[in-house]
Amino acid sequence: MRLTVFWDRMNQQFGENYAGSVAKDHVLAELDGRTIEQAFADGEPAKRVWQAVVATFDVPSRLR
């Protein structure tokens, strides 16, 4: 998954304003207690990060 696809899905799920806040502030257990921004900074692939988002939030099937 490309980062552009990841951010497109984040924006669809949370809205453009809130997606950045979720990425910066929400700690995900599926990312070993890191935020999305921290996971990307550590080199996690976008697909794995998106899978963590799907596991944490109620993401509609069309975005999975």
Side-chain angles (χ1 to χ4, degrees):
M1 169 183 285
R2 293 177 184 224
L3 277 175
T4 55
V5 173
F6 173 87
W7 285 111
D8 180 57
R9 290 182 183 182
M10 284 288 288
N11 289 335
Q12 288 182 58
Q13 173 66 21
F14 299 106
E16 290 186 28
N17 294 328
Y18 189 55
S21 178
V22 171
K24 178 182 172 190
D25 299 325
H26 193 85
V27 174
L28 286 83
E30 291 78 9
L31 295 175
D32 303 319
R34 296 176 292 175
T35 65
I36 291 169
E37 285 186 356
Q38 290 169 330
F40 282 140
D42 291 343
E44 290 291 344
K47 183 174 182 177
R48 182 179 186 292
V49 176
W50 182 248
Q51 290 169 339
V53 172
V54 168
T56 304
F57 297 98
D58 185 23
V59 176
S61 59
R62 67 180 175 80
L63 293 177
R64 293 179 183 204

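Just so you know, residue 1 is the first one in the sequence shown, and it goes up from there.
- Residues Gln13 and Leu63 come closest through the heavy atom pair OE1-CD1, 3.9 Å.
- Counting heavy atoms of neighbouring residues, nucleotides and ligands inside a 6.0 Å radius, atom CG of Asn17 does not exceed 12 of them.
- A donor-acceptor contact closer than 3.5 angstrom is absent between the side chains of Arg64 and Gln51.
- Side-chain contact annotation: Gln12 with Asp8, donor-acceptor N/O pair under 3.5 Å present.
- Side-chain contact between Arg34 and Leu28: absent, with no pair of heavy atoms (C-beta onward) separated by less than 4.5 Å.
- Note: His26 and Phe57 have tilted aromatic rings, judged against thresholds of 30 and 60 degrees for the angle between ring planes.
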Given Val49 and Met1, is the side chain to side chain contact (heavy atoms under 4.5 Å, CB included) satisfied, shown in steps? CA-CA 10 Å; Val49 176; Met1 169 183 285; over 6 Å; no

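- To the nearest 0.5 Å, atom OG1 of residue Thr4 and atom CZ of residue Arg9 are 10.5 Å apart.
- Nearest heavy-atom pair across Ala19 and Trp7 is O-CZ3, 4.2 Å.
- Between Phe6 and Trp50, the ring planes are perpendicular. Angles over 60° get that label, and only those under 30° would be called parallel.
- Salt bridge Glu30/Arg48: absent, no basic N to carboxylate O contact under 4.0 Å.
- Under a hydrophobic-cluster definition in which Ile, Leu, Val, Met, Phe, Trp and Tyr are linked whenever side-chain heavy atoms come within less than 4.5 Å, directly or via other members, Leu31 and Val27 are assigned to different clusters.
- Side-chain atoms of Thr35 and Asp25, non-hydrogen and from C-beta on, never get closer than 4.5 Å to each other.
- When side chains are defined from C-beta on, Asn11 does not count as touching Tyr18, because their heavy atoms never get closer than 4.5 Å.
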